[in-house]
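So the structure is just underneath, and the comments pick up after that.
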Amino acid sequence: MKIAERINRLGTETAFAVSAEANAFAAEGNTVYPFHLGDMNIPTPANVMEAAIKAMKDGKTGYCPNYGVAELRDVLAKDVNASHGTAYSMDNVAIQPGGKPTIAKFILALMNPGDEVLYPNPGYPIYESQIEFHGGKAVPYGYLEGEHNFKLDIDAIGKQITPRTRILVLNDLQNPTGAECGAEEFDQLAELVLANDLYVLCDEAYFDIRYEGQSQSFAALPDMASRCVILYTFSKKFAMTGWRLGASIGPKGVIDVIAKLNVNDESCSNHFIQYGAIEGLTGDQTEAQQILNTLQERRNTAVDILNSIDGISCFRPNATFYLFPNVTRVMQRKGLTDYNVMRQTILQETGVSFCTRLHFGRELKGEDQLYVRLAYSGIDTSEIKNGLNKLKQFLET
Ligand code: PLP
């Protein structure tokens, strides 16, 4: 069969290739310490599972509305309002099979072919893939390493805006860097958005994966709700990555378009699991809190060991389950400055498997520092200790 030309413009998540390599290495009998994938090895809270099973037994096994179950849309709008300070109603919510579908549906709803879209790089690779697949021009913007955090390169964003720029993709509480915008960055960004009449995809996949402080939403800033669509997901907060449930939250006009895309793509999201999500939002929060406690302990363990390695510096992000250490000095010392050689050598020598900066987009002009990404969502604290101590030994010898 001759594959359609547009498929040449479709990207992928290259982290899955790292996963395949790690699995092959493990199949040879080697110990692997999996820091490569943002999946979770923590069970979904029992009350969420029980609510979904009950819904299945109660017959919630047929189609449901393409917008999602009304009760879920209602409790989700209220939950988001409480944490964001927004004023959404169920009319602003279209349930999705995961967080990811909002990316393509937002682009399909708002981007015309030839439009320019600003997106983060390093960043989640699906933005670039979907922008280009649907005929847009993907324009990357980067981050600057600050003292305790990565900062948006606001100047670079401003300079790249042209009359064709229509959309900004913002992933605050970011994958892979863990970057979090401060109030000043948000204000500067909002000024750019208003001055240039942009729409914003607010990817808030990690809004609730937070250990200290309070997450803020760009969509809650004055005049922004009418320009923003929030990507919401149940995947991380309730350790439900494989259930596939999320939502698009935004102005009713766009949500109606997205719901029409739902009809065309999948008819509706899985019916009975939406009742599990209702329980997740409204029921007992003990296990959801335990998920955060577990992740926080893993974060602290990993950051402490990484920072004890001569030549590595690593921020301690307040949110997400990713670390993005600067490894330039240690890799220069080891003569491992080619990302792929570095990654493969470390896998072979220590079993520690991770992604590098290259899995999150092409390097930008002028980049001279080396970074790797470690996800600690799929590895227990004891294995974090074993793996990163092996890494330390290898890198310091
Ligand atoms: N956005 C970002 C930044 C992510 O890291 C992910 C998943 O890793 C997603 C969206 C998609 O999440 P989901 O599993 O809910 O589709």
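As the structure lists them, so they are numbered: ligands from 1, and atoms in each ligand from 1.
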**OP:** Tell me, please, which residues at least two apart from Asn293 pass side-chain contact (heavy atoms from CB on, under 4.5 Å).
**Re:** Gln289
**OP:** Applying side-chain contact (heavy atoms from CB on, under 4.5 Å), name anything that partners Asn318, two or more places apart in sequence or on another chain.
**Re:** Glu180, Arg210, Glu212, Arg299
Using a strict threshold of under 4.0 Å (side-chain N to carboxylate O), is an ion pair present between [Y] and [X]?
X: Glu266; Y: Lys105; result: yes
X: Arg362; Y: Glu128; result: yes
X: Lys137; Y: Glu132; result: no

Original post:
Residues in salt bridge (Lys or Arg N to Asp or Glu O under 4.0 Å) with Lys334, at least two apart?
Top reply: none
Just list the N/O pairs, ligand 1 to protein, that are under 3.5 Å apart, with the distance for each.
| from | atom 1 | to | atom 2 | distance (Å) |
| --- | --- | --- | --- | --- |
| ligand 1 | 1 (N) | Asp203 | OD1 | 3.3 |
| ligand 1 | 1 (N) | Asp203 | OD2 | 2.6 |
| ligand 1 | 5 (O) | Asn175 | ND2 | 2.8 |
| ligand 1 | 5 (O) | Tyr206 | OH | 2.7 |
| ligand 1 | 8 (O) | Tyr206 | OH | 3.3 |
| ligand 1 | 8 (O) | Lys236 | NZ | 2.9 |
| ligand 1 | 14 (O) | Ser235 | OG | 3.1 |
| ligand 1 | 14 (O) | Arg244 | NH1 | 3.1 |
| ligand 1 | 15 (O) | Gly99 | N | 2.8 |
| ligand 1 | 15 (O) | Thr233 | OG1 | 2.5 |
| ligand 1 | 15 (O) | Ser235 | OG | 2.8 |
| ligand 1 | 16 (O) | Gly99 | N | 3.1 |
| ligand 1 | 16 (O) | Lys100 | N | 2.9 |
| ligand 1 | 16 (O) | Arg244 | NH2 | 2.7 |

